[in-house]
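Here the structure is a predicted model, which is why all the values come from computation and not from measurement. All values below were derived from every heavy atom in this structure, side-chain atoms included, with hydrogens, water molecules and symmetry-related copies excluded. Just so you know, residue 1 is the first one in the sequence shown, and it goes up from there.
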Amino acid sequence: GGSGFLGSHICDQLIENNYEVTIFDKNESSYRLDSQKIIIGDTADNELISSAIKGTDVVYHIAGLSDIDEAINKPSDTIDQNVLSTINILDVIKKYKNIKFIYASTVYVDSREGSFYRCSKEAAENYIEEYHRLYNIDYRIIRFGSLYGPRSDHRNGIWRIINHAIENGIVKYEGNIESVREYIHVIDAAKASIEILADEFKNQCI
């Protein structure tokens, strides 16, 4: 997922922290730096995933279906992209030792909101914890809140609100008017994704 909104920023922060970066994504990255390698592929391709992961120290799993509205209408696709893809990657990681697995989850797992998206992320977290118990996989789960910032698109809630305001002159929010949110700039989220590599966050949900 290194070609996407959050993933591309994490890749940039890794470079700034002197890591070598290989992006694995089904799409070419519009933001890829010359120093970043890329493998175009699908998370369902275990053989390609294995060749990408072999010899690495850290695997960030940012790929998946992240639009809650889309997930509501595509429960099967949500399982494929958010649960089965996670299992495929974990099946590869368990073959190797000393790989840190970083998973992008959501604060929705602590609520009843988020529909099938929440269900998929909660299920993926459970699988990660069980893989750790059975195979001692070193993991960190980051439960991200609502992100905003450069490189977002129509799948991002903040983008949709601002874009609608620009086009129609009206600030429109579809959802519970009682909701309270703390929005997080994507670069701050990307920096946190590097800081979480510290041993103090080992095998935790943050």
Practice task
Report yes or no: does Gln36 contribute a side-chain atom to a donor-acceptor pair with the main-chain N or O of Cys11 at less than 3.5 Å?
Solution key: yes

Practice task
Could you list the residues that satisfy ring-ring contact (aromatic ring centres under 6.0 Å, His included) with Phe116, not counting sequence neighbours?
Solution key: none

Problem - Flag for Tyr96-Ser50: side-chain donor and acceptor within less than 3.5 Å - result: yes

Exercise for the section: Output all residues satisfying ring-ring contact (aromatic ring centres under 6.0 Å, His included) with His9, sequence neighbours left out; order by chain, then residue number. Expected result: none

Problem - salt bridge (charged side-chain N to carboxylate O under 4.0 Å, His left out) contacts in which one or both residues fall within residues 33-45, not counting sequence neighbours - result: none

Exercise for the section: Check the angle between the aromatic planes of His61 and Tyr103 and answer parallel, tilted or perpendicular using the 30° and 60° thresholds. Expected result: tilted

Practice task
Verify, without hydrogens or angle tests, whether Asn203 (side chain) and Tyr139 (backbone) share a donor-acceptor contact under 3.5 angstrom.
Solution key: yes

Exercise for the section: Apply ring-ring contact (aromatic ring centres under 6.0 Å, His included) to Phe144 and list each qualifying residue two or more places apart in sequence or on a separate chain. Expected result: none

Problem - Pairing residues for Asp153 by the side chain to side chain contact (heavy atoms under 4.5 Å, CB included) criterion, not counting sequence neighbours - result: Arg155

Exercise for the section: Could you tell me whether the side chain of Asn82 and the main chain of Leu65 form a donor-acceptor pair under 3.5 Å? Expected result: yes

Practice task
Would you indicate whether the side-chain heavy atoms of Phe201 and Leu197 approach each other to under 4.5 Å?
Solution key: no

Handout entry: side-chain hydrogen bond (donor to acceptor under 3.5 Å, both in side chains) involving Glu28 - partner list, sequence neighbours excluded
Key = Arg32

Completion exercise
Taking every heavy atom of Tyr117 against every heavy atom of Ser66, the minimum-distance pair comes out as CE1-CA, 3.7 Å

Problem - Residue pairs fulfilling ring pair (Phe, Tyr, Trp, His ring centres under 6.0 Å) with at least one residue in residues 11-30, sequence neighbours excluded - result: none

Would you tabulate the side-chain donor-acceptor contacts of residues 70-77 under 3.5 Å, counting partners in other chains and residues two or more places apart, or write 'none'?
from  : atom 1 : to    : atom 2 : distance (Å)
Glu70 : OE2    : Lys74 : NZ     : 3.3
Asn73 : ND2    : Asp69 : O      : 3.3

Handout entry: Sequence neighbours excluded - salt bridge (charged side-chain N to carboxylate O under 4.0 Å, His left out) pairs with any residue from residues 120-131
Key = Arg118-Glu122, Glu125-Arg143, Glu130-Arg133

Exercise for the section: Please name all residues satisfying ring-ring contact (aromatic ring centres under 6.0 Å, His included) with His185, sequence neighbours left out, ordered by chain then number. Expected result: Tyr148

Fill in the blank from the handout: Residue set satisfying side chain to side chain contact (heavy atoms under 4.5 Å, CB included) with Tyr135, at least two apart, ordered chain then number -> Lys94, Tyr131, Ile137

Exercise for the section: Using the salt bridge (charged side-chain N to carboxylate O under 4.0 Å, His left out) rule, collect all pairs that involve residues 10-25, keeping only residues at least two apart or in two chains. Expected result: Asp12-Arg151

Practice task
Taking the side chain as every heavy atom from C-beta outward, state whether Val58 and Thr56 have any pair of such atoms under 4.5 Å apart.
Solution key: no

Practice task
For the pair Asn163 (side chain) and Trp159 (backbone), establish whether a donor and an acceptor sit closer than 3.5 Å, ignoring hydrogens and angles.
Solution key: no

